[in-house]
Structures are given as C-alpha cells and as structure tokens.
Peer 1: 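The structure's right below; bear with me while I get my questions together.
In each ligand, atom 1 is the first atom listed, and ligand 1 is the first ligand listed. All values below were derived from every heavy atom in this structure, side-chain atoms included, with hydrogens, water molecules and symmetry-related copies excluded.
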Amino acid sequence: MNKRDEIIHIPEEELLSQRQFAEEFKQLPERPQTYFIVTYGCQMNAHDSEKLAGMLDGMGMTPAPRKEEADFVLHNTCCIRDNAERKALGNVTWLKEVKKERPHMLIGVCGCMVQEPGMAEKLLRQYPFVDVAFGTGNIHQLPELLYRAAETRRRVVAVPEEQSTIAEDLPIRRESLFQSYVTIMYGCNNFCSYCIVPYVRGRERSRTADDIVREVEALKKQGVQEIMLLGQNVNSYGNDVPGGVTFPQLLRRVTETGIPRVRFMTSHPKDLSDELIAEMAENPALCRHLHLPVQSGSNAILQAMNRKYTRESYLEKVEKIRKAAPDVGLTTDIIVAFPGETDRDFEDTMDLVRQVGYDSAFTFIYSPRVGTRAAEMSGRIDPALATERIERLIALQEEMTQMRFAEMIGRTESVLVTGQSKRDESQFTGKTSRNISVNFEGSADMIGRIVPVKITAASKTTLKGKI
Ligand code: SAH
Ligand code: SF4
Ligand code: F3S
C-alpha cells in the first residue's frame, strides 16, 4: 500500500473488529432475526443498501418479506429534494404504530439525510422510536451499532464529522445475478450551488484501479453480464490520486476483463474529455448510452448553478459525441425554476432539449436545500409557474422520446433479458445497450442472457420487439 492508500482506507483492524461484533451479535439472546431495508434516492444508495444487506446477512440475520414483519427495519434515506426527505421521514413515522404492537422491533435510519447538519439531533429529539441512526460515512460500522442497540436497548447515533475514507471488502448481497453496481469513487467536489450531495457524501475519493478491476473480474466469474460504474462525477475519477489512472484508462482496463457490458454514471459535462469520447467510439463493450446532465439551457442560470460550462460548450460536446459515436443515446437531468429563472431562461432550456433530442430526461422542480448557496439566492419562482414550466418540458421531452423511439423501429438490438412479466408469462423484458426497455415474447432460459431482438413498435416509455 502506498501512503495515500493508508490514509484513505479504513484500517484492517477496524474491519476485523466489525466482524467480531457480527459474531457477538449472533450470540445475543433474543436478538433480531430478520431485517428489511427501505431504500430511497440514487444508485449510490441502492448499492449501499446491498452492502448493508450483506453485513446483516453476515450477522446471521435473514431478509423479511415485508417491513411490518421484520425485527429490524433500516431506512436508507435521500435528501436531494424536500419531497425525498419528507417521504422517508413519513415512512419512519408510520412504523411507530407498527412498533407499538411489536415492541421488540428495532428501527434504523441511515444514508444521506442523517448526514445533513442538525439532522442527528432532530432524530434524537423528534423521533424517539428510532433506535439506530448513522451517516453515509459509518456504513461499515453497522455490526457494532446494531449490536449496541440490541444489547443495551438504548439509542445509538453515529455520524462522522468528515468523510474521507473508503471501506474495501465489505460483504455485499447483490440484487441481481447478472447486473451489478461497482463504485469507482465516493463523494463530490463540485458544489453545484443547489446541491446537497457534497455536504452529505464528503470529498471525492477514488478507489484504486486495481481494487475496481479485481471486483469486476470476480463478478465476471460469477456470470455477471453488465456492470454499472458509479460515481457522482465519474469523469474526474483519479484526479485525487497523484499520477493516477484517468477515467477512460479505467474503462479500458475494466472492459479488458471481458465483461460483456459496461455502463457508467454520472458524467459531468465540464470534465467530459475527448479521450472519453474516443473510448466510447472505439470500445464495443461500452454501452451506447451517455447520461450527461445539463440542468439548464441558459448561460445565466448555468453560471448561478456553478456548473462551470456554457450552453455552447455543452452543445459542442454533444456534437462531438454524435460525430464520433452516432449510435450513443443521450439522457439528461434538468432543474426548472431555479432562483431567478426568467421566461427567457426557461425557453433556452426548451430550445436546448429540442436541439439535442435526448432519449429521455429526468426533470425536477428546484428544491431549496439548507446550507447550499442557492438556498440564499433571491428570485424564488412561484410554485404555479414552476409546475407550468415542468409540464411543458415533460411534454416536449415526450415528443423527443417518441422521435428517438421511431428511429429504432426495424433495427435489431442486443437486449440483456432481465425478467418475465407477472401478468403474461410469455412476455419478457430487457434493456438495450442504449438503456431502453424492450418487451418481447421469449422463454425463461433467456433471463440473464444478451439476445438479439428486432424492434417492431414503441409505446410511451418502452419498445416492443421480436426475437
Ligand atoms: N452527480 C450527478 C447528480 C446527482 S443528483 C450530476 O452531477 O449530474 C441528481 C439530480 O438531482 C441532479 O442532476 C439534479 O438535476 C437534481 N437535483 C439536485 N439537487 C437538486 C435540488 N436542490 N432541487 C432539484 N433538483 C435537484
Ligand atoms: Fe451535486 Fe453537482 Fe456534485 Fe452532481 S456534480 S452531485 S449535481 S454537486
Ligand atoms: Fe443519492 Fe439522494 Fe444521497 S440522490 S447521493 S441518495 S442525497
């Protein structure tokens, strides 16, 4: 290990001590036997939940079919927008009633929300039925925290002040046998003015390329067909490592393992390099999809958002991608009603959406987050106007999606078959390399395989096809 690895990795002794807590937990009389994890938010959280489940399995617990029946219910929360936070807190509160009937039940809250300034205190004060609360930086301590809560029947709260570490080799219970998440970096350094993520996920920390490649090799051996590399801004992968591997170089190494499909999320437009575009064009194992959040089509708003690119430079990059790899589908995130957004600014966004022609877009109404710079800005937009804008944007994007889907009819796509319809057993569903869902008639042996499907029709959000 070099010096940086020593600083950044959670020491082996600490992880060993957690394994001991897991063993001691198993010996506790009347310990919780079953668990249920409720996950909110993005892929980062979904993947964290896989790690949390892996640790709970390692403590001798088993998943419960429903949360009302579980001995331990853990809420892995998100705080990206106010509604995400309210939903999580609402569901935690709802469990209070269930716990009255089942007093042995333990309730846990973890994830980004717990990492917000003041939230741990609020949980202690206003949510006395919460037994365990911990932040995104304490995930690896779950065995110890739950052991303490179960043994003492007293409340346990752990939130690190600073997040600067990486925990390698945590056990993982993966949700899917053929699609897997692999984190390549934690945290974010960008401080977009509206965003809470840098405050709740800490500074950028890249995993070493060797650790990542080792994980992918192991997944390939298990038969995984597709991996999704995760980071808030994958394009700055390695920037925190002196003389480190760049993101395009990492992609090359990861695809050299022979894993059939590789995706990644999210690319920040400011750091999208020519090198990455070239790799996308040349490397057939890279999926034909790029999520490139634009947030706004107005330069004034982009500047106020601290996004560090302009409408023009964004469109220039889109042009380059289209030229180098015309079959790559673009998707995006857009925020409407950012403070000070004028009609003109919004029309610029509409215009950009028309110009790019995304396959799909996630659209959000701006939600002020305490502690961020935008929350202090004047020029709040009237909610009725915000709703009107987002509705117009969604309608426009639906048109664009239909246009893109129409182009795909008649083509034959490689589809990773992910499941069978519950309503009609002859119907199967899967994803194209471009990340679009396709429904088709198939057979159960196809699940987990990549098969050619001819696209025959399109509905609003999915394609229809024939094997
Ligand atoms: N790291 C990713 C995004 C993570 S958050 C990136 O930079 O693209 C996912 C999306 O949530 C963002 O792209 C943004 O569109 C939206 N978002 C973040 N903060 C928000 C806020 N305060 N209000 C509304 N939408 C927000
Ligand atoms: Fe938030 Fe910006 Fe970081 Fe994405 S890049 S997580 S939007 S601060
Ligand atoms: Fe993701 Fe929400 Fe946290 S979007 S990083 S789970 S605040």
Peer 1: In terms of atom number and element, which parts of ligand 3 are under 4.0 angstrom from non-hydrogen atoms of Cys112?
Peer 2: 3 (Fe), 5 (S), 6 (S), 7 (S)

Peer 1: Do me a favour and list the nearest non-hydrogen protein atom to atom 1 (Fe) of ligand 2 with residue, atom name and distance?
Peer 2: Cys195 SG, 2.3 Å

Peer 1: Would you tell me whether Thr401 and Gln397 have side-chain atoms, one donor and one acceptor, within less than 3.5 Å of each other?
Peer 2: yes

Peer 1: Tell me, which protein residue and heavy-atom name are nearest atom 5 (S) of ligand 1, and how many Å apart are they?
Peer 2: Ile80 CD1, 3.5 Å

Peer 1: For ligand 2, which atoms have a heavy atom of Arg307 less than 4.0 angstrom away?
Peer 2: 2 (Fe), 7 (S)

Peer 1: Out of all atoms in ligand 3, which are within 4.0 Å of some heavy atom of Gln232? Include the element for each.
Peer 2: 5 (S)

Peer 1: Can you establish whether the number of heavy atoms outside Lys220 located under 6.0 Å from its atom NZ is more than 12?
Peer 2: no

Peer 1: Are Arg392 and Glu347 close enough, and set up right, to give a salt bridge (charged side-chain N to carboxylate O under 4.0 Å, His left out), and what steps lead you there?
Peer 2: CA-CA 10 Å; Arg392 279 186 56 207; Glu347 293 307 327; 3.0 Å; yes

Peer 1: Among Lys51, Arg207, Arg205, which residue meets the salt bridge (Lys or Arg N to Asp or Glu O under 4.0 Å) test with Glu168?
Peer 2: Arg207

Peer 1: If we only consider heavy atoms of Ile365, is any one of them less than 4.0 Å away from an atom in ligand 1?
Peer 2: yes

Peer 1: Does atom CD of Glu175 have more than 12 heavy-atom neighbours from other groups under 6.0 Å away?
Peer 2: no

Peer 1: Would one find an N or O of Thr266, backbone or side chain, under 3.5 Å from an N or O of ligand 1?
Peer 2: no

Peer 1: For atom 7 (S) of ligand 2, what is the nearest protein heavy atom, given as residue, atom name and distance?
Peer 2: Tyr194 OH, 3.4 Å

Peer 1: Under a 4.0 angstrom heavy-atom cut-off, which atoms of ligand 1 come close to Ser367?
Peer 2: 21 (C), 22 (N), 23 (N), 24 (C)

Peer 1: Which ligand 3 atoms are under 4.0 Å away from a heavy-atom of Arg201?
Peer 2: 5 (S)

Peer 1: For atom 19 (N) of ligand 1, what is the nearest protein heavy atom, given as residue, atom name and distance?
Peer 2: Tyr194 CD1, 3.3 Å

Peer 1: If you count the non-hydrogen atoms of other residues, nucleotides and ligands that lie under 6.0 Å from CD in Glu319, is the total more than 12?
Peer 2: no

Peer 1: Below 4.0 angstrom from a heavy atom of Arg369, which ligand 1 atoms are there? Numbered from 1 as shown, please.
Peer 2: 22 (N)

Peer 1: Nearest protein heavy atom to atom 8 (O) of ligand 1, by residue and atom, and its distance?
Peer 2: Pro293 CG, 3.0 Å

Peer 1: If the plane angle is over 60° it's perpendicular, under 30° parallel, otherwise tilted; pick one for Phe129 and Tyr127.
Peer 2: perpendicular

Peer 1: Would you say Gln43 touches ligand 3, if touching means a heavy atom closer than 4.0 Å?
Peer 2: no

Peer 1: Is there a polar contact between ligand 1 and Gln232, counting only N or O atoms under 3.5 Å apart?
Peer 2: yes

Peer 1: Have a look at ligand 3 and work out which part of Met113, if any, has a heavy atom under 4.0 Å from it: side chain, backbone, both or neither.
Peer 2: neither

Peer 1: Which one holds for Val197 and ligand 1: side chain close, backbone close, both close, or neither close, with close meaning a heavy atom under 4.0 Å?
Peer 2: neither

Peer 1: Using a heavy-atom cut-off of under 4.0 Å, does the side chain or the backbone of Val197 touch ligand 2, or both, or neither?
Peer 2: side chain

Peer 1: Has Gln402 got more than 12 heavy atoms of other residues, nucleotides or ligands less than 6.0 Å from its CD?
Peer 2: yes

Peer 1: Show the atoms of ligand 2 that are less than 4.0 angstrom away from any heavy atom in Phe191.
Peer 2: 8 (S)

Peer 1: Any side-chain heavy atom of Val294 sitting closer than 4.5 Å to one from Ile334?
Peer 2: yes

Peer 1: Please report the C-alpha distance between Glu413 and Arg434 in whole Å, then the side-chain angles of each, then the deciding distance to 0.1 Å, and finally whether the salt bridge (charged side-chain N to carboxylate O under 4.0 Å, His left out) criterion is met.
Peer 2: CA-CA 9 Å; Glu413 298 280 345; Arg434 213 163 144 157; over 6 Å; no

Peer 1: Which ligand 3 atoms, with their elements, are less than 4.0 angstrom from a heavy-atom of Cys42?
Peer 2: 1 (Fe), 4 (S), 5 (S), 6 (S)

Peer 1: Under 4.0 Å from a heavy atom of Tyr366: which atoms of ligand 1 are those, numbered in the order shown and with their elements?
Peer 2: 23 (N), 24 (C)

Peer 1: Are Tyr147 and Phe25 close enough that their ring centres sit under 6.0 Å apart?
Peer 2: no

Peer 1: Check the side chains of Asp345 and Ser298 for a donor-acceptor pair under 3.5 angstrom, ignoring hydrogens and angles.
Peer 2: yes

Peer 1: Does Lys308, at its NZ atom, have more than 12 non-hydrogen atoms belonging to other residues, nucleotides or ligands within less than 6.0 Å?
Peer 2: yes

Peer 1: Are there over 12 heavy-atom neighbours, none belonging to Phe191, within less than 6.0 Å of that residue's CZ?
Peer 2: yes

Peer 1: Which protein non-hydrogen atom lies closest to atom 2 (Fe) of ligand 2, naming both residue and atom, and how far is it?
Peer 2: Cys192 SG, 2.3 Å

Peer 1: For atom 13 (O) of ligand 1, what is the closest protein heavy atom, and at what distance to 0.1 Å?
Peer 2: Asp333 OD2, 2.6 Å

Peer 1: By number and element, which atoms of ligand 2 are closer than 4.0 Å to a non-hydrogen atom of Pro198?
Peer 2: 8 (S)

Peer 1: Quick one: does Arg201 get within less than 4.0 Å of ligand 2, heavy atoms only?
Peer 2: no

Peer 1: Do His268 and Ser236 pair up side chain to side chain, a donor and an acceptor below 3.5 Å, judged on atom types alone?
Peer 2: no

Peer 1: How far is atom 14 (C) of ligand 1 from the closest protein heavy atom, and which atom is that?
Peer 2: Gln295 OE1, 3.4 Å

Peer 1: Give me the residue, atom name and distance of the protein heavy atom closest to atom 5 (S) of ligand 2.
Peer 2: Asn190 ND2, 3.4 Å

Peer 1: With a 4.5 Å cut-off on side-chain heavy atoms, are Leu290 and Leu272 touching?
Peer 2: yes

Peer 1: For ligand 2, which atoms sit closer than 4.0 Å to a heavy atom of Cys188?
Peer 2: 3 (Fe), 5 (S), 6 (S), 8 (S)

Peer 1: When you measure from the side chain of Asn190 to the backbone of Arg307, do you find a donor-acceptor pair of N or O atoms at a distance under 3.5 Å?
Peer 2: no

Peer 1: Go through ligand 2 atom by atom and flag the ones less than 4.0 Å from a non-hydrogen atom of His268.
Peer 2: 5 (S)

Peer 1: Can you sort out which atoms of ligand 1 are near Arg307, meaning under 4.0 Å from one of its heavy atoms?
Peer 2: 7 (O)

Peer 1: Could you check atom 11 (O) of ligand 1 against the protein and tell me its nearest heavy-atom contact, residue, atom and distance included?
Peer 2: Arg81 NH1, 3.1 Å

Peer 1: How close does the nearest protein non-hydrogen atom get to atom 2 (Fe) of ligand 3, and which residue and atom is it?
Peer 2: Cys78 SG, 2.3 Å

Peer 1: Salt bridge (charged side-chain N to carboxylate O under 4.0 Å, His left out) for Asp348 and Arg344? Distances and angles first, verdict last.
Peer 2: CA-CA 6 Å; Asp348 283 348; Arg344 189 64 237 263; 3.1 Å; yes

